[in-house]
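Okay, structure first, notes after.
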2 protein chains.
Amino acid sequence: MEYTIGEIAKKFNLTISQIRFYDKEGLLPEIKRVNGIRKFTDSDIETIFLIECLKKADLQLKDIKQFIEWTKEGDSSIEKRLNFFLMQREKTKAKIAAMKKALCMVEYKCWYYETAQKLGSVKALEAKKEKLTPKKIKSLLKKAHKK
Amino acid sequence: MEYTIGEIAKKFNLTISQIRFYDKEGLLPEIKRVNGIRKFTDSDIETIFLIECLKKADLQLKDIKQFIEWTKEGDSSIEKRLNFFLMQREKTKAKIAAMKKALCMVEYKCWYYETAQKLGSVKALEAKKEKLTPKKIKSLLKKAHKK
DNA sequence: TATTGACCTAAAGTTAAGTTTAGGTTATAT
DNA sequence: ATATAACCTAAACTTAACTTTAGGTCAATA
């Protein structure tokens, strides 16, 4: 099957100009053209799916582009591609871990303002904070402070 | 205790201009000045710690600023602040979940190129892919495809 | 036949989160 | 007394990832 840029945009919930931008940047190297109009194949769809996935894994477009260029080089770049993803795996894991830690602070703030609301003021909460703070929240805070 | 901007930068592993930038943007509203020179107190340090935490939780500076402004308004903004963090908690959780799913794709790619390397070529891998792909990886891929 | 809708390009503009530059003050060490 | 280090501002520049604008082609529909 072949698809137009508008169909692809809908499928992936991207804007048309985003897809043109990826194309211009060299992330979609193999797109067919008929009378100048882009025709996307299933293999292009796979590429776009991968791009969206890697973006969510916190990769930059220039790095995704690098990978795509290595792919075009064939088997000689297998090791580069492997190392690329091994490194990226650690980066993404680290980022997730950091976000989880930061989430603790957000959860603490939820507790903080829920309690302040119940007590009627921040001052009232601050006065009783030591006693009121649940152990769970205290350990969350410790987590957020840890490097 | 009071600290200079240089000391704070080291403490938080930020650049001096980053801290000046936060100040300029209104994220550090209460900094003392002596002869024009910023003097940071423990309460400023708490604010910076919070900013860094919220940044890691994927908040934008303008949202952090909004929160800081609400803080200055006093108890009348408790509900706004609570709703702010309740919403943010969901956003951050969603982001973590999306990253975890995207990580599956990165892990698949690690497996893919490890195996291609062992077999000597991508072609050899593609030929045997169906048989070789471990169940674990297959379910990872499913995860990555799922919305 | 004319106009509407989907496509195209190139180039300029936008936003976030800084960095860099250029020029200036102040405190301390030699 | 001078030079160095640490601070200051304002304004211009940077980068990533787009979006917007302006102008143009082409096919189908009223």
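Naming convention: chains lettered A, B, ... in sequence-line order (proteins, then strands); numbering from 1 in each chain. Just so you know, these numbers come straight off a predicted model, no measurement behind them.
Here the closest non-hydrogen pair linking B:Pro29 and B:Ile68 is CG-CG2, 3.7 Å. Minimum interatomic distance between B:Phe40 and B:Thr4 (heavy atoms only, all atoms of both residues): CD1-C, 4.0 Å. Here the shortest heavy-atom pairing between B:Lys39 and B:Asp44 reads O-OD2, 3.8 Å.
Phosphate proximity of C:dA27 to B:Asn35: present, with a side-chain N or O under 4.0 Å from OP1 or OP2. Here A:Thr4 does not reach the OP1 or OP2 of C:dA6: none of its side-chain N or O atoms lies under 4.0 Å away. Contact between the side-chain N/O atoms of B:Arg38 and the OP1/OP2 oxygens of D:dC8 is found at a separation under 4.0 Å.
Atom pair A:Leu28:CG and C:dC8:C1' shows a separation of 16 Å (rounding to whole Å applied). Per the geometry, CG belonging to A:Leu14 stands 14 Å off C1' belonging to D:dT19, to the nearest Å. Taking atom CD1 on B:Ile5 and atom P on C:dG18, their separation rounds to 14 Å, with Å as the unit. Rounded to whole Å, the distance from CD1 on B:Ile31 to C1' on D:dC7 is 14 Å. If you measure from atom CG of B:Asp23 to atom P of C:dG18, you get 14 Å, rounded to the nearest angstrom. Whole-Å rounding puts the A:Lys65 NZ to D:dA17 P distance at 12 Å. Rounded to whole Å, atom P of C:dT25 lies 16 Å from atom CZ of B:Arg33. Distance NZ (B:Lys32) to P (D:dC7): 16 Å, rounded to an integer number of Å.
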Query raised in the report: Stepwise, does the salt bridge (Lys or Arg N to Asp or Glu O under 4.0 Å) test hold for A:Glu126 with A:Lys129?
Result: CA-CA 5 Å; A:Glu126 285 291 336; A:Lys129 204 165 80 176; 3.4 Å; yes

**Report entry** Verdict with supporting geometry, B:Glu7 and B:Lys10, salt bridge (Lys or Arg N to Asp or Glu O under 4.0 Å)
**Finding:** CA-CA 5 Å; B:Glu7 288 164 342; B:Lys10 257 189 195 158; over 6 Å; no

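Atoms NZ and OG1, from B:Lys65 and B:Thr71 in turn, are 13.5 Å apart once rounded to the nearest 0.5 Å.
Note on ring orientation: taking the six-membered ring where Trp is involved, the planes of B:Phe84 and B:Trp70 are perpendicular (angle over 60°, cut-offs 30° and 60°).
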Enumerate the protein-to-nucleotides 19-22 of chain C contacts in which both atoms are nitrogen or oxygen and the separation is below 3.5 Å.
{"from": "C:dT19", "atom 1": "OP2", "to": "B:Thr15", "atom 2": "OG1", "distance (Å)": "2.6"}
{"from": "C:dT19", "atom 1": "OP2", "to": "B:Ser17", "atom 2": "OG", "distance (Å)": "3.4"}

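With D:dC7, D:dA16, C:dT9 as the choices, the nucleotide that has an atom nearest any side-chain atom of A:Arg20 turns out to be C:dT9. Here C:dG18 is the nucleotide among C:dA17, C:dG18, C:dC7 with the atom lying nearest to any side-chain atom of B:Tyr22. For B:Leu61, the side-chain atoms get nearest to C:dA17 when compared with the rest of C:dA27, C:dC7, C:dA17.
For the pair A:Lys55 and A:Glu52, the salt-bridge criterion is met [side-chain N within less than 4.0 Å of a carboxylate O].
Each of B:Leu59 and B:Ile37 has a nearest nucleotide on DNA chain C; the 5'-most of these lies closest to B:Leu59.
Here B:Lys55 lies in heavy-atom contact (under 4.0 Å) with sugar-phosphate atoms only. At a threshold of 4.0 angstrom between heavy atoms, the contacts of A:Glu25 with the nucleic acid are absent.
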Throw together a table of side-chain donor-acceptor distances under 3.5 angstrom for residues 85-100 of chain B, partners on residues two or more places apart or in other chains.
{"from": "B:Thr92", "atom 1": "OG1", "to": "B:Ala57", "atom 2": "O", "distance (Å)": "3.1"}
{"from": "B:Thr92", "atom 1": "OG1", "to": "B:Gln88", "atom 2": "O", "distance (Å)": "2.9"}
{"from": "B:Lys95", "atom 1": "NZ", "to": "B:Asp58", "atom 2": "OD2", "distance (Å)": "3.4"}

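Note on the helix from C:dT1-D:dA30 to C:dT30-D:dA1: terminal axis deviation equals 20°, with five pairs used at each end and the result rounded to 10°.
Under a cutoff of 6.0 Å and an axis angle of 45°, A:Lys24 and A:Phe21 do not form a cation-pi pair.
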